[in-house]
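Whatever order the structure lists them in is the order used to number ligands and atoms, beginning at 1.
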Amino acid sequence: MALKLYDTWTRTTREFQPLSGRTVGMYCCGPTVYNYAHIGNLRTYIFEDMLRRALELNSYQCKHVVNITDVGHLVSDADEGEDKMEQGSRRTGKSAWELAEEYTIAFKADLARLNILEPSIWCKATAHIPEQISVVENIESKGYTYRTSDGIYFDTSKLKNYGYLARLDLEGLQAGMRVELGEKRNPTDFALWKFSPAAQKRQMEWESPWGIGFPGWHIECSAMSEKYLGSYFDIHCGGEDHISVHHSNEIAQTEVAHGTRLANFWLHGYFLQIQDSKMSKSSGEFLRLQVLMDRGYDPLAYRYLCLGAHYRSHLNFSFESLTAAQTTLDRLRMAFYELPEGGLADAKFVDDFTACVNDDLNVAKGLAVISEVLKSSIAPASKKATLVVFDKVLGLNLAQWKPLVEAVPEEIMALAQERQKARQEKRWADSDVLRNTLLEKGWEVKDTAKGPELKRKIGV
Ligand code: AMP
Ligand code: ZN
């Protein structure tokens, strides 16, 4: 049952074979730390974590590298406008360096809450300036660069295959953007090194063979992936927006510098949307994981929600679907908790689950196997052991979970008893009023065969 993955380069689902041995080199484009990550960004990291866990389920080890973009990502993808870090610094009144530090810490805390495994290597752009300069020098020595008044640019027209990953229509782009070209020779050309503006001292700038300035955004990933994984490695990931610009440019740089297309497989996670439009950091309003937690949701309920949609489909976020995910997760946790220890995983169910995972990470289909296990007639201890195997990929931390026994305040208990009395006396209207009073106070009452149960209300 081989692992098959959809590769954006070939636009096909191919059997995954590592380039050498059992260790898989995987590079994932990390966050630009000028703001908090929103739950859309986090969906991409959940997908990459699932991929890593799927590789581990198939007995590969993963050398997982994630970068931190703390310089060079400009407001516009056309390499114009301000550096997002300097813009963030103006917005918050903090230095770009302080911001990078704070948002990196916040980002790592979000990943931990979502039970995303720590990468083997974190690397930040500002700590790899000499490596980036060296790749630019290499590209320059091969004749693929030119100088404008604001930087050193990559001439994409010199590369035969430029934009293949995105199947870019270069002629169409050229015709559409002739007017806005400025000093750039082609619309798809991009900055390798930008000069600090003459009249302005930037917070982040360095000496280089071309003058004081800072690296373009794309060069960091070519330089750091080469340093940690070599110039041709197994898998490169990111969100779908990276296909047409960032990854196309990373490939162009590495192709010229090293003659490789950087990675054997290119995998992209599709966007989380709100009301059918993309969630983005720059468009102001966005939801952080903390907002979900403030509303009473467990971060792993968001993880569960993401697992339920294939990574190559858009996921529309709503609080209703998050509430449903929380309820299903709560039930699963309780069912798991009540199962006894000491059994062996059931080979057939593990195979069924692995078949879903290995079919281009169809974890959503894999979730359905959970209910089959729970409903089946295998021994209860085997059910538990089987779910432990599934959870290596799902990352729901089932074995660590315990029911939270929260003391119900006396006032709430008294209201619930009053409601129960009203029900017994068939005073339904009174019972409804009391249910609403409880809800207003943040408690939900559920009537079960064992009598009424009180639970903290989640959601808005
Ligand atoms: P950034 O911090 O903007 O560089 O983005 C970090 C990661 O999040 C990248 O891999 C993006 O492709 C990805 N991303 C950005 N917006 C979304 C979204 N709405 N849904 C899923 N992934 C996203
Ligand atoms: Zn990148």
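- Any N or O atom pair closer than 3.5 Å counts here, and Phe271 shares no such pair with ligand 1.
- Residue His246: an N/O/S atom is found under 2.8 Å from the Zn ion (ligand 2).
- Under a cutoff of 6.0 Å and an axis angle of 45°, Lys108 and Trp122 form a cation-pi pair.
- Using a 4.0 angstrom heavy-atom cutoff, Thr69 does not count as in contact with ligand 1.
- For atom 22 (N) of ligand 1, the candidate residues are Thr44, Asn67, Val33; the nearest heavy-atom contact is made by Thr44.
- For atom 7 (C) of ligand 1, the choice among Tyr45, Phe107, Phe317, Tyr103 with the nearest heavy atom turns out to be Tyr45.
- Residue Gln273 does not touch ligand 1, judged by heavy-atom distances below 4.0 Å.
- Annotation: cation-pi geometry not satisfied between Arg261 and Tyr232 (NZ/CZ under 6.0 angstrom from ring centroid, within 45° of ring axis).
- Residue-to-ligand polar distances keep Gly238 apart from ligand 1: every N/O pair is separated by 3.5 Å or more.
- Figure legend: cation-pi geometry between Arg295 and Phe319, with NZ or CZ positioned under 6.0 Å from the six-membered ring centre and within 45° of its axis.
- In this structure, Arg288 forms a cation-pi arrangement with Tyr36, its terminal cationic atom sitting closer than 6.0 Å to the ring centre and no more than 45° off the ring axis.
- Under a cutoff of 6.0 Å and an axis angle of 45°, Arg185 and Tyr146 form a cation-pi pair.
- Ring geometry, Tyr228 versus His128: the interplanar angle exceeds 60°, so the pair is classed perpendicular (tilted spans 30 to 60°).
- Taking 2.8 Å as the threshold, His247 does not count as a candidate ligand of the Zn ion (ligand 2), since none of its N, O or S atoms lies below it.
- Residue contacts with ligand 1, taken as heavy atom pairs separated by less than 4.0 Å, involve Asp241 solely via side-chain atoms from C-beta onward.
- Within the 2.8 Å limit, His242 places no N, O or S atom next to the Zn ion (ligand 2).
- Seen from the ring of Phe265, Arg14 counts as a face-on cation partner, given the 6.0 Å and 45° thresholds.
- Ligand 1 has no nitrogen or oxygen under 3.5 angstrom from a nitrogen or oxygen of Tyr270.
- Per residue Glu250, closest N, O or S atom to the Zn ion (ligand 2): atom name OE2.
- In this structure, Arg331 places its CZ atom where only 12 or fewer heavy-atom neighbours from other residues, nucleotides or ligands lie under 6.0 Å away.
- At under 3.5 Å, not a single nitrogen or oxygen of Pro31, backbone or side chain, sits near a nitrogen or oxygen of ligand 1.
- The nearest N, O or S atom of Glu220 is not closer to the Zn ion (ligand 2) than 2.8 Å.
- Proximity annotation for atom 14 (N) of ligand 1: of Leu272, Asn41, Ile46, Asn41 comes nearest, heavy atoms only.
- Between Trp217 and Phe190, the distance from one ring center to the other does not fall under 6.0 angstrom.
- Cation-pi geometry between Arg43 and Tyr45 is not met at under 6.0 angstrom from the ring centre and within 45 degrees of the axis.
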